[in-house]
Novice: 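Let me give you the structure first, and then I'll get to my questions.
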Amino acid sequence: MIGDKVSTLLLFGATGDLAHRMLLPALYGLHADELLPEGLRIVATARSTLDDASYRTTALKALGEHVPADFFDPKVAAAFAERLTYVALDATLPAGFSKLAEKIDPAAGLAIFLSTAPSLFEPTIAGLTSAGLTGDKVRLALEKPLGSDLASSREINDAVAAAFPEERTFRIDHYLGKETVQNLLALRFANSMFEPLWNSAHIDHVQISVAETVGLEGRTGYYDGAGALRDMVQNHMLQLLALVAMEPPADFDATEVRDEKVKVLRALRPITAADVGRHVVIGQYGAGTIEGEAVGGYADELGQASTTETFVALKAQVDNWRWAGVPFYLRTGKRLPERKTEIYIQFKCVPHSIFAKRGARTKANKLVISIQPDENIEFRVMAKTPGLDRDGLRLREVPLDIGLANAFADHRRRIAYERLLLDLIEGDPTLFVRRDEVEAQWQWIDGVRAAWTEAGLKPQRYSAGSWGPSAAEELTRCNGVEWHD
Ligand code: BG6
């Protein structure tokens, strides 16, 4: 399902934080590895009044700051900068778009990347349409947040659909661009040993954790209106859950993969006001210590009191044949003790232990898929402790460990946006989120929020540097499960 390569990449929000930290370094990486189409022009736009030369200077500065030093080559960067041109544009004013259109030939293939506030999506699409910058050879990529609930997400999707059909709409969830996330598919579907066990007969529960040490990072306007559930669970965590839980697609292809993911998202059991108290814990960090450094609380950073949650832990259920009765515990938060994204799969214990009478205890097997910062797959199995066993037989859990960074030491670690930008330029939507997925995600999330509003759930205080409110421990413990910290 790969389309034609485009000849122009048009970047909205080109002076923003994402462009500086991720998009320009990703494009530099692709350029350095000679993966960008020859002659691809990158037209950058933003509101600031800059000319080509000053934008190139800004871009080179961003590359110097954000590209790893051992990969940064000033000569390559200078050649990359030649691809950049800049057009100042206020997306709320239609007039500027005709100036943009003078610089671009959409018939030669155009990929547009909107890395702007969502309030600008609709005027930007209207401007592009009136300037003739849509059409068969034009694709559109959008960054989150795609709305703040199902209704606003539909509004954005409708506005997009008026100009771009679904097959040319590329909704970004940068987690799908991460190598280790794609590796989850390789682990499940390129090995024969896991899939027969990948179901409720053999799996006790699944945990998905995305822990961050950072706080608000100055994103007050956006984050305080969003909160952890909408910022992280609605998109990244539900995508991870869908990849863990989906049926094997027939092909690694945009339609097949997304068809299977959306079935999982639709099978998520709604959380109601009656069970939200037992299934959801929300928290907000207070002052504390992160990596030995004292940090303020959320309200201090924000400058006012707030009921926004910076932590959420919940128990989700996928109501289908494969997963009946298997809890999926999701947990994410800011200002937690370490940065860690991990999928933890606990299998069921053996049905009968032949070692019990000799004093040995067996533990359930576990599969720990570390996504970041470590890229690791670890399978924990039981082994006999060496010895003559005169005092009884001892079993111990030992890891079968695959450090992906070592196994693939000769491969450069790429940022997620390299993959996503190249797929956009080449027209492969497999790792982008389809409309029905994003709407199924919102539908479930809206239900959770409505339930907690009805039940009057309030964020509980946790100290920065802790693993969230103590109630989060209770959420799993009442089912005999401990979080894998
Ligand atoms: C973003 C969220 O989508 O993902 C941020 O808006 C969060 O709040 C970030 O910090 C985490 O991404 P990563 O790739 O650092 O895990």
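Throughout, numbering of the chain's residues begins at 1 and tracks the sequence. Start at 1 and go down the list; that is how both ligands and their atoms are numbered.
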Novice: Which ligand 1 atoms, with their elements, are less than 4.0 angstrom from a heavy-atom of Lys334?
Specialist: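 With Lys334 as reference, the close atoms of ligand 1 come out as 5 (C), 7 (C), 8 (O), 10 (O).
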
Novice: Any idea which atoms of ligand 1 are less than 4.0 Å away from a heavy-atom of Arg219?
Specialist: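 It comes down to these atoms of ligand 1: 2 (C), 5 (C), 6 (O), 8 (O).
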
Novice: Considering only non-hydrogen protein atoms, determine which one is nearest to atom 15 (O) of ligand 1 and report residue, atom name and distance to 0.1 Å.
Specialist: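 Heavy-atom neighbour on the protein nearest atom 15 (O) of ligand 1: Arg339 NH2, 3.3 Å.
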
Novice: Would you check whether Asp231 reaches within less than 4.0 Å of ligand 1, judged by its heavy atoms?
Specialist: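 The answer is yes: ligand 1 sits under 4.0 Å from a heavy atom of Asp231.
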
Novice: Which residue owns the protein heavy atom closest to atom 9 (C) of ligand 1, what's the atom, and how far is it?
Specialist: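 Closest protein heavy atom to atom 9 (C) of ligand 1: Glu212 OE2, 4.0 Å.
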
Novice: Any side-chain heavy-atom pair from Arg449 and Arg230 closer than 4.5 angstrom?
Specialist: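 Yes; the side chains approach each other to less than 4.5 Å.
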
Novice: Identify, by atom number and element, the atoms of ligand 1 in contact range of Met232, meaning under 4.0 Å from any of its heavy atoms.
Specialist: 2 (C), 4 (O), 7 (C)

Novice: What's the shortest distance from atom 12 (O) of ligand 1 to any protein heavy atom, and which residue and atom give it?
Specialist: His174 NE2, 3.2 Å

Novice: Show me which atoms of ligand 1 lie under 4.0 Å from any heavy atom of Lys178.
Specialist: 13 (P), 14 (O), 16 (O)

Novice: For ligand 1 and Thr341, I'd like to know whether there is a polar contact (N/O to N/O, distance under 3.5 Å).
Specialist: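 N/O-N/O distance under 3.5 Å: no.
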
Novice: If I take atom CD1 from residue Ile445 and atom CG from residue Asn235, how far apart are they, to the nearest 0.5 angstrom?
Specialist: 8.5 Å

Novice: Glu301 vs Thr310, test: side-chain contact (heavy atoms from CB on, under 4.5 Å). Steps then yes/no.
Specialist: CA-CA 12 Å; Glu301 280 182 55; Thr310 59; over 6 Å; no

Novice: If you measure every N/O of Lys144 against every N/O of ligand 1, is any gap under 3.5 Å?
Specialist: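 It does: an N or O of Lys144 is found under 3.5 Å from an N or O of ligand 1.
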
Novice: Any atoms of ligand 1 less than 4.0 Å from a non-hydrogen atom of His236? List them with their elements.
Specialist: 1 (C), 3 (O), 4 (O)

Novice: If we count only N and O atoms by modelled type, under 3.5 Å, do the side chains of Asn183 and Thr180 hold a donor and an acceptor together?
Specialist: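 No, Thr180 and Asn183 have no side-chain donor paired with an acceptor closer than 3.5 Å.
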
Novice: Looking only at distance, does Tyr223 have an N or O less than 3.5 Å from an N or O of ligand 1?
Specialist: no

Novice: In ligand 1, which numbered atoms sit nearer than 4.0 Å to a non-hydrogen atom of Tyr175?
Specialist: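 The list of qualifying atoms is 12 (O), 13 (P), 14 (O), 16 (O).
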
Novice: Can you confirm whether the side chains of Tyr344 and Gln346 place a donor and an acceptor under 3.5 Å from each other?
Specialist: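 Judged by distance alone, the side chains do pair up.
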
Novice: In terms of the angle between their ring planes, are Trp198 and Trp323 parallel, tilted or perpendicular, with boundaries placed at 30° and 60°?
Specialist: perpendicular

Novice: Tell me if the aromatic rings of Tyr28 and Phe71 count as close, with their centers under 6.0 Å from one another.
Specialist: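 Centroid separation for Tyr28 and Phe71: below 6.0 Å.
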
Novice: Side chains of Ser209 and Glu342 only: does a donor on one sit below 3.5 Å from an acceptor on the other?
Specialist: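 Distance-only check fails for Ser209 and Glu342.
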
Novice: Any N or O on Tyr222 sitting closer than 3.5 Å to an N or O of ligand 1?
Specialist: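 No, Tyr222 has no N/O under 3.5 Å of an N/O on ligand 1.
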
Novice: Would you find more than 12 non-hydrogen atoms of other residues, nucleotides or ligands less than 6.0 Å from Arg47 atom CZ?
Specialist: no

